[in-house]
Undergrad: 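Let me begin by handing over the structure; questions about it come next.
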Amino acid sequence: MAKSNLGSYFENFLIKDSLFRSKQALQTNYDPEAILHRDEQMQQIADVLAPSLRMEKPSNLFLYGNTGTGKTLTTKYATSELASVAKKQSLGLRTVYINCKLKRTADTEYRLIAQLLRDLGREVPATGLPTEELYKILFNILNSSNDVIILILDEIDYLVNKIGDGFLYNFTRMHESTNSKISIIGISNDLTFIDNVDARVKSSLSEEEIVFPPYNAYQIQNILRERAKVAFKEDVISPGVIEKCAAHAAREHGDARRALELLRVAGEIAERASSKKILLAHIDEAENKIDRDRIYDVVSTQPRQYQLTLFSIISLASAKKGAIFTGEIYDFYKSLCDRFNVRPLTHRRISDIIAEYDMLGIVNAKIISKGRYGRTREITISLPKESLGRLSQFLEKELGL
DNA sequence: CCTCCACCGGAACGTGAGGAGT
DNA sequence: ACTCCTCACGTTCCGGTGGAGG
């Protein structure tokens, strides 16, 4: 048996009696046979990149669209096709894919360049050198060949928000001073991102732009059916299930990834309930489970101070009707710290922590003014009532109360 | 219409971990 | 052993602000 099949052999062995044939097909890193409803974008990318086969520098390219609209998938497919043609012709063309959101891999300027260098076959220390030094190494590599390098920066908006657009300025100008032809494909979820970067970077990065519109419910249905064919055994899916998943995802900004996850979790739930089929009710359950798991995942890995803050919010929210305010949370938090001999953080810091919970969607914070009585965040918990008690208990245990 | 509360949020700075090079 | 890097996580400082109440 081929090495690459062994993993799926084990998996299939384990799920012999299950509803699934191959769960992988519903997972995010799966490469589908066909990419549906993205023909237009695929062609546009191909048009832009094709000159690289004549060893010309292709235009920089900027792709944007919501999460789960196939940006990464389409780009990866297009570039790998390109690379394989180039390889057949033994052309000096390289594509490098970097996801800027990966923690500890490419979420700072230093790490980004270090990762790029590694992908170009040059090992560098994970830390210790000045960033300047890495640029020098990179320039040397770029100068020593005439290759065309296509650098794909996924989730580029995340990195720019974090460290500013300075590095993009360097990157977009790099080809001017080296022999290599380096061009950049930026991928962003944030549609407004490009408007906030330096004008020179903007014009250079978005020489070409391609929009990935959200999938509509009909398109998501097609995608789900295609994957479900691979993922599930025959006759496992009740009528209406695909439609319901698709409708749900279409409501959530046409995010195909959500739809696939929903279907997978619904399948797991059906299986655990020893159901022979996936029913509509399993989808509702899956929806809840996904939300819940996400929170527990996040919360349990957070540092103590974060947990204390969240615990304060929950305690206050359940003790009191209506919204709560930053000041109350801080007071509660401080008394909690006193009780457990923890040195409390400053108000400023707690404010940031609350803002982070807001970003995670666990809490809903809105800045309001109470006139004479100041300005503050009005905070509500954006979780269903019944999961609140469980989360509170979970936190108590986690904190060792 | 102005004031002024109680916090927001940007910026600069400090500390300590993790590591390279000499 | 010592200097020089990055970077996460906090703190300190401070200007900014929407609107109830004078």
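Throughout, protein chains are lettered first and strands after them, A, B, ... in sequence-line order, and every chain is numbered starting at 1.
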Undergrad: Whether A:D107 and A:R111 form a salt bridge (side-chain N of Lys/Arg under 4.0 Å from carboxylate O of Asp/Glu) is what I want to check.
TA: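 Here A:R111 pairs with A:D107 in a salt bridge, since their nearest N and O are under 4.0 Å apart.
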Undergrad: Go through the structure and list residues passing ring pair (Phe, Tyr, Trp, His ring centres under 6.0 Å) with A:F232, not counting sequence neighbours.
TA: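 Per chain and number, A:F232 pairs via ring pair (Phe, Tyr, Trp, His ring centres under 6.0 Å) with A:F20.
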Undergrad: When the distance from CD1 of A:I353 to P of B:dG9 is rounded to whole Å, what number comes out?
TA: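 Between P of B:dG9 and CD1 of A:I353: 15 Å.
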Undergrad: Need one value for A:T376: base, sugar-phosphate or nothing, where a base atom within 4.0 Å counts as base even if backbone is also close, heavy atoms only.
TA: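 The answer is sugar-phosphate, as A:T376 gets under 4.0 Å only of primed atoms, P, OP1 or OP2.
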Undergrad: Separation of A:E328 atom CD from B:dC5 atom P, in whole Å?
TA: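 After rounding, the reported distance stands at 19 Å.
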Undergrad: Report, as a single string ordered 5' to 3', how protein heavy atoms within less than 4.0 Å touch nucleotides 11-22 of chain C: B base, S sugar-phosphate only, - not at all.
TA: SBB--BBBBBS-
Undergrad: Would you tell me whether A:Y357 and A:Q302 have side-chain atoms, one donor and one acceptor, within less than 3.5 Å of each other?
TA: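 Result is yes, a qualifying pair exists.
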Undergrad: Between atom CD1 in A:I354 and atom P in B:dC7, what is the gap in whole Å?
TA: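 Whole-Å distance recorded here is 10 Å.
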Undergrad: Under a plain distance cut-off of 3.5 Å, with no hydrogens placed, do A:T67 and A:N189 share a side-chain donor-acceptor pair?
TA: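 The answer is no; no qualifying pair exists.
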Undergrad: What is the separation between atom OH on A:Y306 and atom P on C:dC9, rounded to the nearest whole Å?
TA: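 After rounding, the reported distance stands at 6 Å.
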Undergrad: Please name the residue in the list A:I137, A:N179, A:D147, A:T178 that meets the side-chain contact (heavy atoms from CB on, under 4.5 Å) test with A:L142.
TA: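 Going through A:I137, A:N179, A:D147, A:T178 one by one, the side-chain contact (heavy atoms from CB on, under 4.5 Å) with A:L142 is satisfied by A:T178 alone.
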Undergrad: Rounded to whole Å, please give me the gap between NZ in A:K162 and P in C:dT6.
TA: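 Interatomic distance, NZ of A:K162 to P of C:dT6: 15 Å.
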Undergrad: What is the separation between atom CD on A:E123 and atom P on B:dG19, rounded to the nearest whole Å?
TA: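 For the pair A:E123 CD and B:dG19 P, the rounded distance is 15 Å.
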Undergrad: For the residue pair A:R173 and A:Y169, confirm or rule out a side-chain donor-acceptor distance under 3.5 Å.
TA: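 The answer is yes; a qualifying pair exists.
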Undergrad: Rounded to the nearest Å, what distance is computed from the OH atom of residue A:Y110 to the P atom of nucleotide C:dC4?
TA: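 It works out to 18 Å between those atoms.
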Undergrad: Counting only side-chain N and O atoms of A:T127, is one of them less than 4.0 Å from OP1 or OP2 of C:dC5?
TA: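 The answer is no; no side-chain N or O of A:T127 sits under 4.0 Å from OP1 or OP2.
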Undergrad: A:L134 has an atom CG; how far is it from atom P of C:dC5, in whole Å?
TA: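 Going from CG in A:L134 over to P in C:dC5 covers 13 Å.
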Undergrad: Do any pairs count as a ring-ring contact (aromatic ring centres under 6.0 Å, His included) and have a residue in residues 57-93 of chain A, sequence neighbours left out, and if so which ones?
TA: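 ring-ring contact (aromatic ring centres under 6.0 Å, His included) check on residues 57-93 of chain A returns A:F62-A:Y64, A:F62-A:F193.
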Undergrad: Taking only the side-chain heavy atoms of A:P130 (C-beta and beyond), determine which of C:dC7, C:dC5, C:dG10 contains the nearest atom.
TA: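 Nearest to the side-chain atoms of A:P130, counting from C-beta on, is C:dC5.
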Undergrad: Which angle, to the nearest 10 degrees, lies between the helix axes at the two ends of the helix from B:dC1-C:dG22 to B:dT22-C:dA1, each defined by five pairs?
TA: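 Here the local axes at opposite ends form an angle of 20°.
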Undergrad: Under the rule for side chain to side chain donor-acceptor pair (under 3.5 Å), what residues qualify as partners of A:Q41, not counting sequence neighbours?
TA: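 In terms of side chain to side chain donor-acceptor pair (under 3.5 Å), with neighbours along the sequence ignored, A:Q41 is linked to no residue.
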Undergrad: Can you give me every donor-acceptor pair (side chain of residues 46-57 of chain A, partner residue at least two apart or in another chain, under 3.5 Å) with its distance?
TA:
{"residue": "A:D47", "atom": "OD1", "partner": "A:Q43", "partner atom": "NE2", "Å": "3.1"}
{"residue": "A:S52", "atom": "OG", "partner": "A:L49", "partner atom": "O", "Å": "2.6"}
{"residue": "A:R54", "atom": "NE", "partner": "A:E56", "partner atom": "OE2", "Å": "3.3"}

